[in-house]
Amino acid sequence: MDHGLDTLSLRSYGASPGSHAHAHAQVLLGLSGALALEVDGRGHLIGPGQGLVVPAGARHDFEAAQGARCIV
């Protein structure tokens, strides 16, 4: 799957795959469920209609215990 800088994708989240970082920033827009994130040690929760910018190079981890869908 291509997650290039000019690509929007609809993603479904569940269990955490582990911490990682990207060379580019990401914008997450919540559609359903609740996505818990830790970005550089700070906790965030994205629900429907909420968003978050993950800065380029920021270490982040996520989990959606009941499942979540976001546009990234």
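Only a predicted model underlies this, so the values are computations on that prediction, with no experimental measurement involved.
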Cluster companions of Y13 among Ile, Leu, Val, Met, Phe, Trp, Tyr (side-chain spacing under 4.5 Å):
L28, L35, L37, V39, I46, L52, V54, F62, V72
Heavy-atom closest contact (S9 atom, R11 atom, distance)
OG-NE, 2.9 Å
Nearest heavy-atom contact between G57 and A21 is O-CB, 3.9 Å
Of the non-hydrogen atoms in A34 and A64, which two are nearest, and what is the gap between them?
O-CB, 3.5 Å
A23 to A56 - nearest heavy-atom pair and separation
O-CB, 3.4 Å
Among pairs that include at least one residue of residues 39-48, which meet side chain to side chain donor-acceptor pair (under 3.5 Å), considering only residues two or more places apart or in two chains?
none
Test H60 against H20 for side chain to side chain contact (heavy atoms under 4.5 Å, CB included), laying out the working first.
CA-CA 6 Å; H60 56 286; H20 63 280; 3.2 Å; yes
At their closest point, which heavy atom of S32 faces which heavy atom of P48, and how far apart are they?
CA-CG, 3.9 Å
Among residues at least two apart in sequence or on other chains, which ones pass side-chain hydrogen bond (donor to acceptor under 3.5 Å, both in side chains) with R59?
S19
